[in-house]
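Have a look at the structure below, then the notes.
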Amino acid sequence: MHVRLKIGPVLIPTFAMPRSIAFWMHFVRSALILLGTTVASAENWPCWRGPQHNGISQETGWNASWPEAGPPIAWRASVGIGFSSVVVSDNRLYTMGNEDNQDTVRCLDATTGATLWSHSYEADLGDKFFEGGPTSTPTLHGDSVFTLSRWGHLTRLNRITGQVRWSTNVAQETGTRIPGWGFAGSPRIHDQKLLLNVGESGMAIDPATGSILWKSANRDAGYSTPVTFKLQDRWVMALGSGKSFLAVDVETGTELWQQRWLTRYGVNSADPIVAGNQMFISSGYGKGAALLEMNASGVNVVWQNRDMRNQLNSCVLLDGHLFGFDGDAGVSSSLRCLSWKTGEVLWTDESIATGGLMAAGNRLIVLSDQGELIVAEASREHFLPLARARVLQGKCWTTPTLANGRIYCRNAVGDLVCVDVRPTAPASSQVDQTP
Amino acid sequence: MKLTRRQFLSTSTAAGFALTGLPLRAAAATSQYRTALIGSGWWGMNILREALAARRSRVVGLCDVSADILETSADEVRDLSGDSPKTYLDYRELLEKEKPEIVIVATPDHWHALNTIAAIRSGAHVYVEKPTGHTVEESRAMHAVARHSESVVQVGLHRRIGPHHVSGMKFLKDGRAGDIGMVRMFAHSSGGAELPAPNSEVPEGLDWNMYCGPAPMRPFNSRIHPGGWRNFLDFANGTLGDWGVHWLDQVLCWTDEKYPDRVYSTGGRPIRGEPVLNEREQTTDAPDSQVAVYRFKSFTATWEHRRFAGNNAEKTRIGCYFYGTKGTFHMGWRDGWTFYPSNERESVVHEASQLQEPDGHNMQLLWNDFLTAIEKRKRPMADIEVGHRATTLSLLGMLSLKLGRSLNWDGATEQIIGDPEATALLRRDYRAPWHYPTA
Ligand SMILES: NC(=O)c1ccc[n+]([C@@H]2O[C@H](COP(=O)([O-])OP(=O)(O)OC[C@H]3O[C@@H](n4cnc5c(N)ncnc54)[C@H](O)[C@@H]3O)[C@@H](O)[C@H]2O)c1
């Protein structure tokens, strides 16, 4: 785990922290808090939904009390049309966009917004019913960044130089169908495999060479990112396909089970959320949500309702409560809190129609489709905004990213904004949280 | 602007509109029409929701060539109304087995004629989406078949009845914009060049042969289905055949003239590029920009669309300008209507739209008008003849674009004068086993 610590205004440089040290640091931080010192810990965000693959950051100490005029904007940049979110590691930021029918993978200095390198390849904008452009997010691993385009271009680049290690087109190479809106799931690194939502139940690639380890039936993929977890002693990958949510053995690609989950246009885009042997699934287009109980060969539905319809982005699960957007963009949508256990709606807030969200500690970081950035308490009682500011214009459907005291937000046309939420002064206005 | 159904009703009542549907709704418990939908996609389901909201329909059948769309649509109907419609992949079977009293047709344009004529012949009243036909003779056949029947045939031109359109028309007809000598219709969006998308195998559960139907068979491509068929000329007629029909109808609604006597159009794909269609991949093939000129006796009307550049130099991207001696009147969509007096000392007059959201339409009013027409055995607001006239103008524009020359049009006999080549293109050959419709 890459962690950057910040104690008061002093920065401790990034380092890779072995587990034992992490454990130590936990003690040190607790001790410091006990001593009444302001302590914050920062975190990288190396892939879609973050280091724990759940949309939750461990970062603390960031500033959620903003002046009337809004939080300071560190910089703005233009990264091309698309819905790719931002990943960050070692003060470098990566995202994708499309200009003139070219996808560009960009590496920016996370502090200044300066472009460090970019890599482009021909790719159709694909603007059927929306602005188009890439919809998946780059994945950082070791010294590499992996990217998947809507049309199947899969690339491994050197994270520092942008140099191409290998590049292939997994759709062309395997003759796999491209779903209506192209591939949208981000690549997922698991062990020595690069897992993709391509084909009916995914595909595994050797990250070293780009060669295919296993692939699945040639049916429409869904739009979610693969999620991996351990189920009865084996590693399992779950994803939303064109017509179902399903699980496969990571090692072999063998399908373990499928839960039929049909939506009008084959759009299952929210990642499944796993806790223990239970999995939450949700889709828009009127479909709704369900909690599944899994074993290695099948699933039971614990509950199913139409009260959380994640059309675009996934929920986050905090302390037994799901927070996410219910309903389709432009139709009737709202921010909601649902009980994991029962599926019961705990609250609904209609002041934000749709958008994306992540969490850090017990705070939600929400970017509304109108470009309003909102920090809210993740309360099961009601929607409790702590800070809100308009940071972008135009359609924002992309989940914001908090990393190292900065929140990165983008809109569909590719305006990227860096909001500075580093702790300003050692006291008062900080969001403190004991680890 | 988001209006709830109730707010919507009261605002439109306040605006003085005859809410013809209300008495019917009161009678809802007593009789319900056996209602079926052919083409259960985006707009078809929008119409069906209006039908259910009016509470005069029981949904007995849904038809689509996609099994997935059928399953999800039937699911939604069950949720909304408790009805359990039977689902059909073939509209002929639906008509035969369900014998619906009302049929909604919301397939891609190339299917409208066959679906509508079969529905009328089965004895149903029909609510068919615009454009009426894909070629002129289809539309004429629909019109003729409707006239030889007892069926009410409404075309989905909800702008005929939308509150701001009606009040705007009154403003124009009252002479408040003065004498109008020129009309400009337009629809602009942004965009750029187009790269081909790879063809793929037909998705499981989609009857692609039936989808293409009377149109030529082509490889499946996700750019076509769902919804993308609009920009493929085998299935539709591009932006003029889509948006253009609404605005042409607004012009026909305003003028006392029934048709122009000459039509010319030019345009192409300078930005999107040459169309591609081969075994591996394809692009759309509709024009990315087009101008069409309609010569009426007392005014000239032009159409223009662009699928690039947007239109930020003007205040609006869509609608219709009526240029009169007293100023410029803009009939818009979500932006309502606005009158800009030529005398700068006079103030701008504006009326907001009153639309149903999402998707910004006035189908509740149009559906209620349809029910009234059925009940009272009278012509509906957007009768087949209205739809046929507006559609014909859009199709003549497309024909002129294709031939690259002006067409002289005899609207009384619906003939192109002195141009056999153009006349031949008022129809097209159907792919077997389908037969081009005749009255
Ligand atoms: N009046 C308006 O404002 C308005 C707005 C939108 C669409 N429309 C019209 O509605 C119609 C449908 O458009 P859409 O946007 O819903 O398209 P869509 O692609 O979403 O839906 C069309 C459906 O028809 C189905 N279909 C194709 N061939 C069929 C057949 N032979 N039998 C049964 N089903 C078949 C398709 O599978 C698809 O589900 C078009 O004519 C369009 O012009 C009108």
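Below, chains carry the letters A, B, ... as their sequence lines are ordered, and counting in each starts from 1.
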Answer yes or no: is there a side-chain heavy-atom contact under 4.5 Å between A:Y265 and B:W42? yes
One option among A:T176, A:D124, A:D100 has the most heavy-atom pairs under 4.5 Å with chain B, and it is A:D124
Are the side chains of A:I178 and B:S200 in touch, meaning some heavy atoms are under 4.5 Å apart? no
Bottom line for A:T263: the part with an atom under 4.5 Å from chain B's heavy atoms is backbone
I'd like to know if the side chain of A:K287 and the backbone of B:T72 have a donor-acceptor N/O pair within less than 3.5 Å. no
Per-residue contact mode, B:D79 against chain A (heavy atom under 4.5 angstrom): side chain
Sidechain N-carboxylate O distance under 4.0 Å for A:D127, B:R307: no
Side chain, backbone, both or neither: which part of A:L125 has an atom under 4.5 Å from a heavy atom of chain B? neither
For B:A197, is it the side chain, the backbone, both or neither that has a heavy atom under 4.5 Å from a heavy atom of chain A? neither
What part of A:F129 gets within 4.5 angstrom of chain B, counting heavy atoms only: side chain, backbone, both, or neither? side chain
Should we count CD of A:E173 as having more than 12 external heavy atoms under 6.0 Å? yes
Sidechain-backbone polar pair: B:D68 side chain, A:G266 backbone, donor-acceptor under 3.5 Å: no
Answer with side chain, backbone, both or neither: which region of B:S66 has an atom nearer than 4.5 Å to a non-hydrogen atom of chain A? neither
Check: B:S222/A:R177 side-chain N/O donor and acceptor closer than 3.5 Å: no
Who wins among B:L70, B:V202, B:N199 for the most heavy-atom pairs under 4.5 Å with chain A? B:V202
Nearest heavy-atom approach of B:P358 to A:V331 is CG-CG1, 3.8 Å
B:L80 versus chain A, heavy atoms under 4.5 Å apart: side chain, backbone, both or neither? neither
Is chain B contacted by the side chain of A:N218, its backbone, both, or neither, given a heavy-atom distance below 4.5 Å? side chain
Return yes when atom NZ of A:K215 has more than 12 non-hydrogen atoms of other residues, nucleotides or ligands closer than 6.0 Å, and no otherwise. no
For the residue pair A:N101 and B:E194, what are the closest heavy atoms and their distance? ND2-N, 3.9 Å
Considering residues at least two apart in sequence or located in another chain, which fulfil the ring pair (Phe, Tyr, Trp, His ring centres under 6.0 Å) criterion with B:Y88? none
Counting heavy atoms not belonging to A:E122, are there more than 12 under 6.0 Å from its CD? no
So what's closer than 4.5 Å to chain B heavy atoms on A:A171: side chain, backbone, both or neither? neither
Going by residue number, which parts of residues 274-286 of chain B are within reach of chain A, meaning a heavy-atom gap below 4.5 Å? none
CD/B:E71 to CZ/A:R264 distance, rounded to the nearest 0.5 angstrom? 11.5 Å
Where does A:W151 contact chain B at under 4.5 Å (heavy atoms): side chain, backbone, both or neither? neither
